Amino acid sequence: MDRNQLIETYERGVDEVLAAVDGLTDDDLDRPATDGGWTARQVVHHLADSEMTSAIRLRRLLVEDAPDVGAYDEEAFAAALAYAERPIAPALKAFVAARETSAQLLRRLDDAQWARAGTHPEHGSYSVADWLRIYAAHAHDHAEQIRRAVARA
């Protein structure tokens, strides 16, 4: 995909997630995943935290020279931040807001900004373009994970 297609895919991720959770009950959100993975509720909280983390990574790549953007322990976040217990409405708002503000930035970048890079401990060299390739698909993948978890009823 070219840059514009990736940005459009990134932007559509919001609609995919919102459609996947639309009308879900607490029972739906808390249904155990057949593969032992996260429930739909936990996925939504992960999306919010991941999106906020990724938004900071993007900004650091654009502002700092060769930043180490860091990794984070998703399982530790899920346990310590009570992903299985909290309502999803605030998490959805955080996810949407972080994604919309990042999309605004992506639409304004010039070629030099697209080439800016730092280091990620798991991926090595990590450019703005790399960031977008990863996050363009992220919400879509998790929306599908939510649909699979709910469909098992």
Side-chain angles (χ1 to χ4, degrees), residues 1-62 67-107 117-153:
M1 279 191 252
D2 71 18
R3 189 179 299 164
N4 285 328
Q5 290 172 316
L6 284 168
I7 294 170
E8 289 169 9
T9 300
Y10 177 80
E11 291 171 326
R12 283 193 313 270
V14 167
D15 295 332
E16 283 290 317
V17 170
L18 294 177
V21 300
D22 186 44
L24 296 184
T25 65
D26 281 336
D27 286 341
D28 295 330
L29 291 169
D30 296 329
R31 187 168 296 118
T34 57
D35 62 1
W38 287 342
T39 65
R41 180 182 308 278
Q42 291 168 307
V43 171
V44 170
H45 288 295
H46 161 72
L47 279 165
D49 287 343
S50 176
E51 204 63 40
M52 290 185 287
T53 300
S54 75
I56 294 301
R57 284 180 179 157
L58 174 62
R59 284 146 179 84
R60 291 189 65 210
L61 289 168
L62 293 171
D68 177 345
V69 296
Y72 75 101
D73 184 335
E74 296 173 354
E75 294 296 333
F77 268 55
L81 303 178
Y83 281 13
E85 302 161 17
R86 295 178 13 231
I88 65 167
L92 286 170
K93 288 178 185 176
F95 164 71
V96 170
R99 199 158 264 238
E100 287 178 350
T101 58
S102 292
Q104 287 176 339
L105 294 174
L106 294 171
R107 292 269 180 210
T119 304
H120 186 287
E122 296 165 355
H123 302 290
S125 179
Y126 191 80
S127 69
V128 172
D130 294 327
W131 178 96
L132 180 57
R133 278 190 289 279
I134 291 166
Y135 285 100
H138 189 246
H140 296 274
D141 294 343
H142 283 303
E144 182 56 32
Q145 182 182 8
I146 291 167
R147 287 190 286 271
R148 281 193 315 268
V150 172
R152 86 174 207 98

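Given the structure is predicted, the values throughout are model-derived calculations rather than measurements.
- With sequence neighbours excluded, no residue forms a ring pair (Phe, Tyr, Trp, His ring centres under 6.0 Å) with F95.
- Annotation: side chain to side chain donor-acceptor pair (under 3.5 Å) contacts involving residues 84-96, sequence neighbours excluded, comprise H45-R86.
- Contacts of R99 classified as salt bridge (Lys or Arg N to Asp or Glu O under 4.0 Å), with partners at least two apart in sequence or in another chain: E51.
- We find the OG1-CG distance between T119 and L61 to be 9.5 Å, quoted to the nearest 0.5 Å.
- With a 4.5 Å cut-off on side-chain heavy atoms, N4 and R107 count as touching.
- Between W38 and Y83, the two ring planes are perpendicular [angle over 60°; tilted spans 30° to 60°].
- E144 places no side-chain N or O within 3.5 Å of a backbone atom of D141 that could act as its donor or acceptor partner.
- Every pair tested for ring pair (Phe, Tyr, Trp, His ring centres under 6.0 Å) that includes a residue from residues 17-36 fails, sequence neighbours excluded, so the list is empty.
- Under a 3.5 Å cut-off, the side chain of D28 and the backbone N or O of T25 do form a donor-acceptor pair.
- Qualifying salt bridge (Lys or Arg N to Asp or Glu O under 4.0 Å) partners for R12, counting only residues two or more places apart in sequence or in other chains: none.
- Atoms CD1 and CG, on I146 and L29 in that order, are 8.5 Å from each other to the nearest 0.5 Å.
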Query raised in the report: Between L58 and L132, is a side-chain contact (heavy atoms from CB on, under 4.5 Å) present by the stated rule, with each step listed?
Result: CA-CA 9 Å; L58 174 62; L132 180 57; over 6 Å; no

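- Across all their heavy atoms, R59 and S102 have their closest contact at NH1-OG, 3.0 Å.
- Partners of E100 according to the salt bridge (Lys or Arg N to Asp or Glu O under 4.0 Å) rule, which considers only residues two or more places apart in sequence or in another chain, do not exist here.
- Between A91 and V44, the shortest heavy-atom contact is CB-CG1, 4.0 Å.
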**Report entry** Working for side-chain contact (heavy atoms from CB on, under 4.5 Å), residues V150 and V21
**Finding:** CA-CA 9 Å; V150 172; V21 300; over 6 Å; no

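- Listed by chain and residue number, R41 satisfy the side-chain hydrogen bond (donor to acceptor under 3.5 Å, both in side chains) test with D26 (two or more places apart in sequence, or in another chain).
- Of all non-hydrogen atoms in R133 and L6, the two that sit nearest each other are CG-CD1, 3.8 Å.
- Side-chain polar atoms of Y135 and R57 form a donor-acceptor pair below 3.5 angstrom.
- Across all non-hydrogen atoms, the minimal contact from Q42 to T39 is OE1-N, 2.8 Å.
- Residues forming a side-chain hydrogen bond (donor to acceptor under 3.5 Å, both in side chains) with H142 (at least two apart in sequence, or on another chain): H46, H138, Q145.
- For the residue pair T101 and Q104, no side-chain donor N or O sits within less than 3.5 Å of a side-chain acceptor on the partner.
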Show me the side-chain donor-acceptor pairs of residues 67-82 shorter than 3.5 Å, one per line, residues at least two apart or across chains.
| unit_1 | atom_1 | unit_2 | atom_2 | d |
| --- | --- | --- | --- | --- |
| D68 | OD1 | G70 | N | 3.0 |
| D73 | OD1 | E75 | N | 3.1 |
| D73 | OD1 | A76 | N | 3.0 |

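- Checked against side-chain hydrogen bond (donor to acceptor under 3.5 Å, both in side chains), E8 has no partners two or more places apart in sequence or in another chain.
- Residues that satisfy the salt bridge (Lys or Arg N to Asp or Glu O under 4.0 Å) test with D15, not counting sequence neighbours, are absent from this structure.
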Less than 3.5 Å apart, which donor and acceptor atoms pair up between the side chains of residues 121-128 and the rest of the protein, not counting sequence neighbours?
| unit_1 | atom_1 | unit_2 | atom_2 | d |
| --- | --- | --- | --- | --- |
| S127 | OG | A129 | N | 3.3 |
| S127 | OG | D130 | N | 3.0 |
| S127 | OG | D130 | OD2 | 3.1 |

